[in-house]
Amino acid sequence: MGSPQISSTTHPLVDPRPSSPRIHKKLALLPLIFLIYFEVAGGPYGEEAAVGAAGPLLAILGFLIFPFIWSIPEALISAELATAFPGNGGFVTWAEQAFGPFWGSLMGSLKLFTGVINIASYPILCIDYLQLLLPILSSGAPYYLSILISTSVFAFLNYTGLAIVGYTAVSLGVISLSPFVILTLVCIPKISPARWLSLGEKGVAKDWTLFFNTLFWNLNFWDNASTLAGEVENPQTTYPKALFSAGILTCLAYLIPLLAATGAIPLDQTEWADGYYATVAQTVAGNWLKIWVEIGAVLSAVGLFEAQLSSCAYQVLGMADLGLLPRFFGSKSKWFGTPWVGILLSTIVALAVSCLDFTDIISSVNFLYSLAMLLEFASFLWLRKKHPALHRPYKIPLPLPGLAVMCLIPAGFLVFIMAIATKAVLLVSASVTLAAILWFFVMKLCKSRKLIKFNTSYQMLGLMT
């Protein structure tokens, strides 16, 4: 039996049950812009390694060109599919609607793992900066206790409501970017454009793996906020506007400080690593601006944590709505309307992961994210072919062959990232992928034997792919 046609007036995931009153506010345009911004970037913190790996010119070109070959295609795909399927779940829904429950579950598992690993890294980053002021936090029980407390406090803020998290992201974004406005203004009189043309110091080898991973790490995750589409005011119009605005903000936040810093001070390539902007600030303005940049880094990490946790929590909610997870995983707080099970699950896993060595795990995140993105590109193309009449409030103005070409370059880059993975990364990634596959079949067994309650309302509509 062929798949049923999806009409332009009926959404494939409409829940026929009467909806209960919601007490939480929907996300408006401005907070959604900053949530997307924190999903992707959170500021220029972390881009310094690109200069150390390949020199100022290639770093500038990388952050100028890479958005066009990677970020823009990903953002355009997210805008089209998030407006076509404006419910929680995002990319999980897209894969499920394109290829069926197995692929939706696999997409969800891979993306959730990458998101939780990211969540775990941000409290650690905060504590790393606070160690400069409070050396007692550098090791032992105080270090782990500070991670536990900071993670719990950040998670509780997420629990209080997505609208609160959104406007908190606006405040954190403005404050964390403010020292770079000052840094740029101070640097302008000192800029020598010839420094931008440097390919690096003589005798310093190019580290292409670090260079491309830095670009990739700082300019991906444009699709993460799609899991929040069900919590957005008028998502069909608000979401594309937010993506476009966040894209401009992200590119400017990377390029302007990079141009200012590389043009204003002589190149010492070996010093260009994570955290070097604080040193630049001290060099051009003094210790006061260095401290301001470090405070901004802490606040940026908080914003990154909140945005990523929101994405993961609502992804869990969306998977429960789709029947890929037990109904219990879709439980919401009576007070705030937030998916408390998703928040708690993501927080607990993040705390467990924070005790591990991140070197190979972060590389594994890149590998698994690449795998999931290949599935996302395939889902996008197949949905265009499979359901050409599906109502798409925002639609990329290209025919299917043009869309295939658009996806080809970023897909090639994803394959490159996977090809340079180490054996340890391949082992971790294979283990996680196998666990994700087993998880689907365990859930399928529980559903068939009615061992656990699952949501089946979307199947009642007869629109299951």
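This chain uses plain numbering: 1 for the first residue, then up along the sequence. None of the values given here were measured: they were computed from a predicted structure.
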Taking the side chain from Thr338 and the backbone from Trp340, do they hold a donor-acceptor pair closer than 3.5 Å?
no
Got a sec: does the CH2 of Trp196 have more than 12 other heavy atoms crowding it under 6.0 Å?
yes
Salt bridge or not for Lys111 and Asp223, using N-O below 4.0 Å?
yes
Test of understanding: with side chain to side chain contact (heavy atoms under 4.5 Å, CB included), list the residues that count as partners of Ala273, not counting sequence neighbours.
none
Working to the nearest 0.5 angstrom, can you tell me the gap between Leu309 CG and Ile119 CD1?
4.5 Å
Is there side-chain contact between Phe441 and Leu445, with heavy atoms separated by less than 4.5 Å?
no
Residues in side chain to side chain contact (heavy atoms under 4.5 Å, CB included) contact with Val442, at least two apart in sequence or another chain
Cys446
Would you say the side-chain atoms of Tyr45 pair up with the backbone N or O of Ala297, donor to acceptor, closer than 3.5 Å?
yes
Gln269 side-chain N/O to Glu201 backbone N/O, donor-acceptor pair under 3.5 Å:
yes
Locate the shortest heavy-atom distance separating Pro101 from Leu324; write the atom from each residue and the value.
O-CD2, 3.6 Å
Is the side chain of Ser311 donor-acceptor paired with the backbone N or O of Ala307 at a distance under 3.5 Å, no angle test?
no
Below 3.5 Å, can you tabulate the donor-acceptor pairs from side chains in residues 59-77 to any protein atom, sequence neighbours excluded?
unit_1	atom_1	unit_2	atom_2	d
Trp70	NE1	Glu74	OE1	3.3
Trp70	NE1	Leu219	O	3.2
Ser71	OG	Leu219	O	3.1
Ser71	OG	Trp222	NE1	3.2
Glu74	OE2	Trp222	N	3.4
Glu74	OE2	Tyr369	OH	2.6

Minimum side-chain heavy-atom gap Phe211-Thr214 below 4.5 Å
no
Could you check whether any side-chain N or O of Ser429 sits under 3.5 Å from a backbone N or O of Leu426, counting only pairs where one atom can act as donor and the other as acceptor?
no
Any side-chain to backbone donor/acceptor pair from Glu306 onto Thr168? Under 3.5 Å, distance only.
no
Atom of Ala41, atom of Thr250 and distance for their closest heavy-atom approach:
CB-CG2, 3.7 Å
Do the side-chain N and O atoms of Asn88 and Thr227 include a donor-acceptor pair separated by under 3.5 angstrom?
no
Taking side chain to side chain contact (heavy atoms under 4.5 Å, CB included) as the test, write out the residues that go with Ala169, two or more places apart.
Phe34, Leu35, Phe38
Please enumerate all residues that pass side chain to side chain contact (heavy atoms under 4.5 Å, CB included) together with Thr209, with sequence neighbours excluded.
Asp207, Asn213, Ile420
Of all heavy-atom pairs between Ala49 and Leu210, which one has the smallest distance, and what is that distance?
O-CD2, 4.1 Å
So, does Asn455 use its side chain to make a donor-acceptor pair with the main chain of Gly323 at under 3.5 Å?
no
Any donor-acceptor pair under 3.5 Å from Ser226 side chain to Ser78 backbone:
no
For atom CD1 of Ile409, is the number of surrounding heavy atoms from other residues, nucleotides or ligands below 6.0 Å larger than 12?
no
Pair listing, side chain to side chain donor-acceptor pair (under 3.5 Å) test, anchored in residues 46-69, at least two apart
Glu47-Tyr277
Could you check whether any side-chain N or O of Arg449 sits under 3.5 Å from a backbone N or O of Lys447, counting only pairs where one atom can act as donor and the other as acceptor?
no
Can you tell whether the side chains of Arg392 and Glu80 come within less than 4.0 Å, N to carboxylate O?
yes
For Arg195 and Ala264, indicate whether the former's side chain and the latter's backbone hold a donor-acceptor pair under 3.5 Å.
yes
Does a sphere of radius 6.0 Å around NZ in Lys206 hold more than 12 heavy atoms from other residues, nucleotides or ligands, not counting ones at 6.0 Å or beyond?
yes
Angle class for the Phe413/Phe416 ring planes (parallel below 30°, perpendicular above 60°, tilted otherwise)?
tilted
